[in-house]
Amino acid sequence: DRAMSCALRLELAMNLYWHGDFAAVAALTDELLATARVADDRLVVSLAAALGSLARSFNGEVQAALALLVEAQTAHASLRNERLAECTYLTHYISEAAIQLERSDDALSHLDRGLEVARATGQDATTGSWFGVAAHALLLKGQVAKAQTTADEALDVAALARDDWRESWL
C-alpha cells in the first residue's frame, strides 16, 4: 500500500543520507515529494524536503537546498503536535538542514518544538543527538559558552561508558 511504500522509501532515504550517498537521497526525495504533495501528506513533505535540502546542501546546490528547506519548514509549521509525535525524528533532519544553510535560529526553534513534543509523548529517550545539533547551531551564532554547556549537559557519562558511538555527536 502507498503508506507502507512511502515509509520504506523514507527509511531508505535516511539510510542513504547516513551513508553519504547524497545524489541518491536527492533523487529519492524528489520522487517522495511528488507523491506526498499530491496526497497532501505534510509530514512526508516536511521530512522528504528536509532530507532533500540536506542532500542538495552537501552537493553544493544552495538555492535548491534553500527552496526545499522553506518547503520543509512550511509543511512542518502546519503540522499539529499530535502528527509530529508520529515522527519526532523529523526534528533532527529539519534542524540539521537549517544549520547547513546557516539558519541557526530556525534550527533551535525546530529543536525546541521537537523536544516539547518528544517529552510530552514519552519519546525523549530518542533525542540524544539533538543536543549536538543544538550545540552546532549555538556555535554558528557565536554562543560558544552556551554551546559547550548544552553539549556537556547532554553528555551521559554512564551511557558513554556503555555505548560511545551514540555520544560521538556531542
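Since we're looking at a predicted model, the values are computed, not measured.
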Side chain to side chain contact (heavy atoms under 4.5 Å, CB included) between V117 and E82, intermediate numbers included | CA-CA 8 Å; V117 170; E82 294 82 3; over 6 Å; no
Determine, step by step, whether E96 and H136 satisfy the side-chain hydrogen bond (donor to acceptor under 3.5 Å, both in side chains) criterion, reporting the C-alpha distance in whole Å, the side-chain angles of both residues, the deciding distance to 0.1 Å, and the verdict.
-> CA-CA 9 Å; E96 191 176 344; H136 189 177; over 6 Å; no
Carefully, step by step, assess R2 and D41 under the rule side chain to side chain contact (heavy atoms under 4.5 Å, CB included).
-> CA-CA 12 Å; R2 187 196 76 77; D41 188 336; 3.7 Å; yes
List the steps and the verdict of side-chain hydrogen bond (donor to acceptor under 3.5 Å, both in side chains) for Y89 and Q123.
-> CA-CA 10 Å; Y89 53 86; Q123 299 181 65; over 6 Å; no
Step-by-step side chain to side chain contact (heavy atoms under 4.5 Å, CB included) determination, W130 to T150 = CA-CA 10 Å; W130 300 2; T150 298; over 6 Å; no
Go through the steps to decide whether H92 and L111 satisfy the test side chain to side chain contact (heavy atoms under 4.5 Å, CB included), and finish with yes or no.
-> CA-CA 7 Å; H92 175 94; L111 288 163; over 6 Å; no
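L79 and I94 fall within the same hydrophobic cluster, where Ile, Leu, Val, Met, Phe, Trp and Tyr residues are linked whenever their side-chain heavy atoms come under 4.5 Å apart, directly or through other members. Criterion: ILVMFWY side-chain heavy atoms under 4.5 Å apart, direct or through other members. Under it, W18 and L51 are part of a common hydrophobic cluster. Note on L32 and L43: same hydrophobic cluster, where clusters join Ile, Leu, Val, Met, Phe, Trp and Tyr whose side-chain heavy atoms are under 4.5 Å apart, directly or indirectly. In the hydrophobic clustering of ILVMFWY residues, with side-chain heavy atoms under 4.5 Å counting as a link, L139 and L108 come out apart.
Between A85 and T121, the shortest heavy-atom contact is CB-CG2, 3.7 Å. Nearest heavy atoms, A65 versus S57: CB-OG, 3.3 Å. In this structure, V44 and A36 approach most closely via the heavy-atom pair CG1-CB, 3.5 Å. Across all non-hydrogen atoms, the minimal contact from A72 to S46 is O-OG, 3.0 Å. Scanning both residues, A147 and A135, for their nearest heavy atoms gives CB-O, 3.4 Å. Between L69 and A98, the shortest heavy-atom distance links the atoms CD2-CA, 3.8 Å.
Between E116 and R113 there is no salt bridge, since no side-chain N of the basic residue sits under 4.0 Å from a carboxylate O of the acidic one.
Between atom OG1 of residue T29 and atom CG of residue L68 there is a gap of 7.0 Å, rounded to the nearest 0.5 Å. Note that CD1 of I99 and OG of S104 are 6.5 Å apart. Values are rounded to the nearest 0.5 Å. If you take OG on S95 and CG on D106, they are separated by 9.0 Å, rounding to the nearest 0.5 Å. Note that CD of Q63 is 9.5 Å distant from CG of L101, once rounded to the nearest 0.5 Å. Atom NE2 of H19 sits about 13.5 Å away from atom CE of M14, to the nearest 0.5 Å. With rounding to the nearest 0.5 angstrom, the CZ atom of R42 is 15.0 Å from the CG atom of L47.
By the 4.5 Å heavy-atom criterion applied to side chains, R56 and L66 are not counted as neighbours. Within the 4.5 Å cutoff, the side chain of E31 has heavy atoms near those of the L28 side chain. Between L12 and L8, the closest side-chain pair of non-hydrogen atoms is not below 4.5 Å. In this structure, E61 and F22 have side chains that are not in contact, with every pair of non-hydrogen atoms separated by 4.5 Å or more. Between H76 and L84 the shortest side-chain heavy-atom distance falls below 4.5 Å. Contact of the L54 side chain with the V25 side chain is not registered, since no non-hydrogen atoms from C-beta on lie closer than 4.5 Å. In this structure, the side chains of C6 and L10 come closer than 4.5 Å at one or more pairs of heavy atoms. Looking only at side-chain heavy atoms (C-beta outward), F58 and Q100 come within less than 4.5 Å of each other.
At least one donor-acceptor pair closer than 3.5 Å links the side chain of T74 to the backbone N or O of V70.
Residue-environment remark: CD (E86) exceeds the threshold of 12 foreign heavy atoms within 6.0 Å.
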